[in-house]
Protein chains: 2
Amino acid sequence: MPTMTAAQRRASEKAEYDAFLAGCPSRQLLDRISDKWVTLVLAALESGPQRYSQLARTIAGVSQKMLTQTLRTLERDGLVTRTVMATVPVTVTYELTELGRSLQAVITRLKSWAESHMEQVLAARSSYDAP
Amino acid sequence: MPTMTAAQRRASEKAEYDAFLAGCPSRQLLDRISDKWVTLVLAALESGPQRYSQLARTIAGVSQKMLTQTLRTLERDGLVTRTVMATVPVTVTYELTELGRSLQAVITRLKSWAESHMEQVLAARSSYDAP
DNA sequence: CGGAATCCTGCCTGATACTG
DNA sequence: CAGTATCAGGCAGGATTCCG
């Protein structure tokens, strides 16, 4: 993977195991959960199990590709469960696991912060753009 | 902006003002702070004001471009302050604003979650990959 | 030292078609 | 319904170079 080469080289130059910020697994996990689609999916699953089409409708602007991809990685990481009902047509529901709910609690705070500080940020942008 | 067209169209199809998940400013803000570089920069600034080169060293794997770009947007959004000291050579320090610290408190929880649940996620991946 | 400018690659998006 | 597959296009992001 050529995209990681330089990053790993820079990491190696540090020549120390930095549990805070390095190429260690916790850093990779932090990178993964610091993703807008992950955040939105977890936030959308707050109100209980949801079907695929419900999620697609709730998260305005997500493409099928990214929604599926995000749900797959979340499932792989043990944050959501995927349940297939053998109805006609098939019904698929996604639900947070206990692990997922523990992360979702943090995500909720992030969402709350965004909503409650939105105006302050917009004000800061105005004064920055037109001083 | 052609990239927003389809997203906005899907959002419009909902025909309702969804403060939770839509094309409203809070959603855009949530998208922005759900970024790995934003998360890492805010986490790195936890220990007080830092110089540009310090940040680059702390956040292993970040490119100058992304570090500069992230710091600029954070400054524009009123989350960090940029201070230029007229030394030779020039010294630039970045520091969290009060607004930035309020977000950083949430980011810290996210980082803590990643560190404390890393093993559970790795275990989930193992059982998913090789069942 | 702290960037800005440039070029370039790869992923994401958007659109469309097809399946079980 | 819930995807998978494919392809064009654009933009995020990496590598490199140069400057005050």
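Reminder, nothing fancy here: chain letters follow the sequence lines and each chain counts from 1.
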Subject >> Interatomic distance where CG belongs to A/Asp35 and P belongs to C/dC12 [whole Å] >> reply: 9 Å
Original post:
For A/Ser53 and D/dA2, is the shortest distance between a side-chain N/O and OP1 or OP2 below 4.0 Å?
Top reply: yes
Subject >> All side chain to side chain donor-acceptor pair (under 3.5 Å) counterparts of B/Thr70, not counting sequence neighbours >> reply: none
**OP:** Starting from P on C/dG3, measure out to CG on B/Leu71 and report it in whole angstrom.
**Re:** 7 Å
Original post:
How close or far is atom P of C/dG14 from atom CD of A/Gln69, stated in whole angstroms?
Top reply: 14 Å
**OP:** Please check if the side chain of B/Arg27 supplies one atom and the backbone of A/Ala60 the other of a donor-acceptor pair under 3.5 Å.
**Re:** yes
**OP:** Taking only the side-chain nitrogens and oxygens of A/Arg51, find out if one of them lies under 4.0 Å from OP1 or OP2 of D/dA2.
**Re:** yes
**OP:** Round to the nearest Å and state the distance from A/Arg57 atom CZ to D/dC1 atom P.
**Re:** 8 Å
**OP:** Taking only heavy atoms on the protein side, list every residue of residues 72-97 of chain B lying under 4.0 Å from any atom of DNA chain C, sorted numerically.
**Re:** B/Arg72, B/Arg82, B/Pro89, B/Val90, B/Val92, B/Tyr94
Original post:
Please give, in whole Å, the distance from D/dA2 P to A/Gln50 CD?
Top reply: 11 Å
Subject >> Contacts of type side chain to side chain donor-acceptor pair (under 3.5 Å), residue B/Thr68, not counting sequence neighbours >> reply: B/Tyr52
Original post:
Atom CD of B/Gln54 and atom P of C/dG3: how far apart are they, to the nearest Å?
Top reply: 13 Å
**OP:** Using the test ring pair (Phe, Tyr, Trp, His ring centres under 6.0 Å), find all partners of A/Trp113 that sit at least two apart in sequence or belong to another chain.
**Re:** A/His117
Subject >> Under 4.0 angstrom between B/Ser63 side-chain N/O and D/dG13 OP1 or OP2 >> reply: no
Original post:
Considering heavy-atom distances to DNA chain D, does B/Met66 or A/Lys65 have its closest nucleotide positioned more toward the 5' end?
Top reply: A/Lys65
**OP:** Kindly state each residue pair satisfying salt bridge (charged side-chain N to carboxylate O under 4.0 Å, His left out) with at least one member in residues 121-131 of chain B, sequence neighbours excluded.
**Re:** A/Arg76-B/Asp129, A/Asp77-B/Arg125
**OP:** Return the value, rounded to whole Å, for the distance between atom CG of A/Asp31 and atom P of D/dG13.
**Re:** 12 Å
**OP:** Take the protein atom CD1 of A/Ile59 and the nucleotide atom P of D/dA2, then report the distance between them rounded to whole Å.
**Re:** 14 Å
Original post:
Has the side chain of B/Thr91 got a donor or acceptor atom that lies under 3.5 Å from a matching backbone atom of B/Met85?
Top reply: no
**OP:** Let me know, please, whether A/Gln64 or A/Lys36 comes out on the 5' side of the other along DNA chain C by nearest nucleotide.
**Re:** A/Lys36
Subject >> Pair listing, salt bridge (charged side-chain N to carboxylate O under 4.0 Å, His left out) test, anchored in residues 82-104 of chain A, at least two apart >> reply: none
